[in-house]
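To keep things clear, I will list the structure first and then write my remarks on it.
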Amino acid sequence: MQLVTVGKKTFRDYLRFIDKEIEKELTFLIQKIKNKKIAMVNATSFGGGVAEKLHSIIPLMKDLGLNVDWWTIYGHEEFYKVTKKFHNSLQGQEGDLTYNDKEIFLKYNKINAAYMKEWNYDYIVIHDPQPAALIDLTERKENEKWIWRCHIDTSTPNPEYWNFLYKYILQYDALIFTMRDYVKEDSNFKNITFITPSIDPLSPKNIPMEKEEARAVTSAFGVDVNRPLISQVSRFDPWKDPLGVIDAYKIVKKEFPSVQLALIGSMASDDPEGWDYLYRTLRRAGEDYDIIIITNFNGISNLEVNAFQTASDIILQKSIREGFGLTVAEGLWKGIPVIGGNVGGIKLQIEDGISGYLVDTVEECAEKALTLLRNPLIAHEMKEAGREKVRKEFLVTKNILDYLRLFQKLS
Ligand code: UDP
């Protein structure tokens, strides 16, 4: 196992995002917990959503005076191949869990468990399936409370993988899932808490940006800043439905010819499916120069994502299936109305008709976009509702509070 070094953040900078009573509760909980030792354990400190979330939350916990360490487990290619299968299968992919896969999974959990002999923590938070069996392979000390934090959608898992993991998860003192829908109905867990992912309001992707500055950035990518802009920021993936977004845009375009569409996506060089889907999306867009499709290979990084979201009149996240959909919180936080697919975590974020719209079809998506384009006042009125919802429920500060409440409950 390896101890991860994290950057520095100051919680004081975040006080302006939280209500007085929440600040009081935080102060109370920190007093209760500051003498306890917390370990967070996951597979990697770089790449992937979990690592990004821990880099955002752990420096703030430390600044609050909490005694928290972040450990990543030791692994090799053979282990990561198996855990990738675990990840996909727990989200429903078909396939067998072989004897050899189980052996590899347990071999690395055993190696890592050996490091824990000298550990002395009060709370051990294990993230995702990779290190889930540690609880069974190390001698539990009396004061330890073990928590399993599941970041994935396990609502309809491949039964072979789920049954294998289930006997380990059952041993935990508490479990955290993103939302109720992700817990398989017949599970028999003692203590479940729901915690959604969150965004960091002071990260480069979310830090306030002036409209003028944002427009300057988008115009460098070919946007006409004097005309309305609809955008969707997401991977080129069938579940994110970029083809449906283009179809909806084409309907809108007929009635509102000045509209432009930006599809922003990040591409991994080793993800052939992503490239195939990007090419399909480009073909669907055809020769319409008011559709701008750009990726990290064109120079899109956090600041540009921030600029496109800030400069948009409407943000779409027209997913057909969605874990949480951080892009929704990012859009609402910037005060932009979001039209989202009526699925998964998007339903937790958009209040239909209040901060945006939840839609089931291409036609509905187009209709709601037209409503917003024709009535800028509606968009304006949605701004505060969206920001307020995110401030209360989906900022990193809320995430910290959720963890502390759970620790306190277990103590
Ligand atoms: N993102 C990005 N650049 C891109 C596309 C996406 O930085 O070109 C970010 C996006 O802003 C969000 C995250 O990647 O923070 C995607 O998270 P989400 O939960 O929306 O979807 P996921 O990709 O995890 O399914």
Side-chain angles (χ1 to χ4, degrees), residues 44 46-57 87-88 90-93 127-128 150-155 178-179 181-182 195-207 209 214 217-218 221 231-242 245 261-269 271 273-275 277-278 281-282 292-312 315-334 336 338-341 343-350 356 390 393-396 399:
T44 169
F46 183 74
V50 179
E52 196 174 315
K53 282 167 209 153
L54 292 176
H55 274 296
S56 140
I57 199 171
H87 184 97
N88 292 335
L90 289 168
Q91 304 217 84
Q93 187 175 289
H127 293 262
D128 277 350
C150 181
H151 294 271
I152 57 186
D153 174 352
T154 49
S155 44
T178 297
M179 53 195 284
D181 294 0
Y182 292 177
I195 303 184
T196 62
S198 60
I199 61 168
D200 184 338
L202 298 180
S203 69
K205 201 184 288 173
N206 296 310
I207 200 147
M209 187 184 272
V217 174
T218 58
F221 287 94
S231 65
Q232 173 160 303
V233 176
S234 66
R235 290 178 290 111
F236 290 96
D237 175 309
W239 299 119
K240 305 284 184 186
D241 200 19
V245 168
L261 173 68
L263 287 168
I264 317 288
S266 53
M267 308 301 300
S269 47
D271 174 17
E273 277 172 25
W275 287 97
Y277 222 72
L278 169 64
T281 309
L282 287 163
I292 294 159
I293 300 179
I294 39 179
T295 72
N296 47 320
F297 283 84
N298 305 99
I300 293 288
S301 67
N302 289 334
L303 178 108
E304 289 76 18
V305 168
N306 189 343
F308 268 92
Q309 289 171 330
T310 305
S312 293
I315 286 176
L316 300 185
Q317 191 52 61
K318 212 207 136 308
S319 307
I320 292 165
R321 187 171 170 179
E322 187 61 73
F324 180 69
L326 281 170
T327 50
V328 174
E330 289 162 10
L332 294 174
W333 179 243
K334 293 174 180 93
I336 315 295
V338 181
I339 302 176
V343 291
I346 298 178
K347 291 191 288 183
L348 297 178
Q349 300 180 69
I350 296 176
V390 175
E393 294 182 37
F394 307 120
L395 293 186
V396 61
N399 239 217

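In what follows, residues are counted from 1 in the order of the sequence shown. Computed from heavy atoms alone, side chains included, the values below leave out hydrogens, waters and symmetry copies. In each ligand, atom 1 is the first atom listed, and ligand 1 is the first ligand listed.
- No donor-acceptor pair closer than 3.5 Å links the side chain of Gln349 to the backbone N or O of Val390.
- At least one donor-acceptor pair under 3.5 Å links the side chain of Asp128 to the backbone N or O of His151.
- When Lys240, Gln232, Arg321, His151 are checked for heavy-atom proximity to atom 25 (O) of ligand 1, Lys240 turns out nearest.
- Here the heavy atom of the protein found nearest to atom 18 (P) of ligand 1 is Leu326 N, 3.5 Å.
- The aromatic rings of Phe297 and Trp275 sit perpendicular to each other, their planes meeting at more than 60°, with 30° as the lower class boundary.
- Of the protein's non-hydrogen atoms, the one nearest atom 11 (O) of ligand 1 is Glu330 OE1, 2.8 Å.
- Not a single heavy atom of Gly49 sits closer than 4.0 Å to an atom of ligand 1.
- Residue contact check: Val305 has heavy atoms under 4.0 Å from atoms 2 (C), 3 (N), 7 (O), 11 (O) of ligand 1.
- Remark: ligand 1 atoms within the under-4.0 Å shell around heavy atoms of Arg235 are 22 (P), 23 (O), 25 (O).
- In this structure, atom 16 (C) of ligand 1 is not in close contact with the protein, since no protein heavy atom lies within 4.0 Å of it.
- Annotation: side chain of Val396 is not in contact with side chain of Lys53 (no heavy-atom distance under 4.5 Å).
- The contact set between ligand 1 and Gly265, taken as ligand atoms under 4.0 Å from a residue heavy atom, comprises 4 (C), 8 (O).
- Neither side chain, Ser312 nor Gln309, offers a donor N or O lying under 3.5 Å from an acceptor on the other.
- For Lys205, a nitrogen or oxygen atom sits less than 3.5 Å from a nitrogen or oxygen atom of ligand 1, counting backbone and side chain alike.
- Side chain of Asp237 to backbone of Gly274: no donor-acceptor contact under 3.5 angstrom is found.
- Here the side chain of Tyr182 pairs a donor or acceptor atom with the backbone of Gly323 at under 3.5 angstrom.
- Every atom of ligand 1 with a heavy atom of Gly325 under 4.0 Å away is listed here by number and element: 19 (O), 20 (O).
- If you check which protein heavy atom lies closest to atom 1 (N) of ligand 1, you get Val233 CG1, 4.1 Å.
- The minimum heavy-atom distance between Phe394 and Pro197, with the atom names listed, is CD2-O, 4.3 Å.
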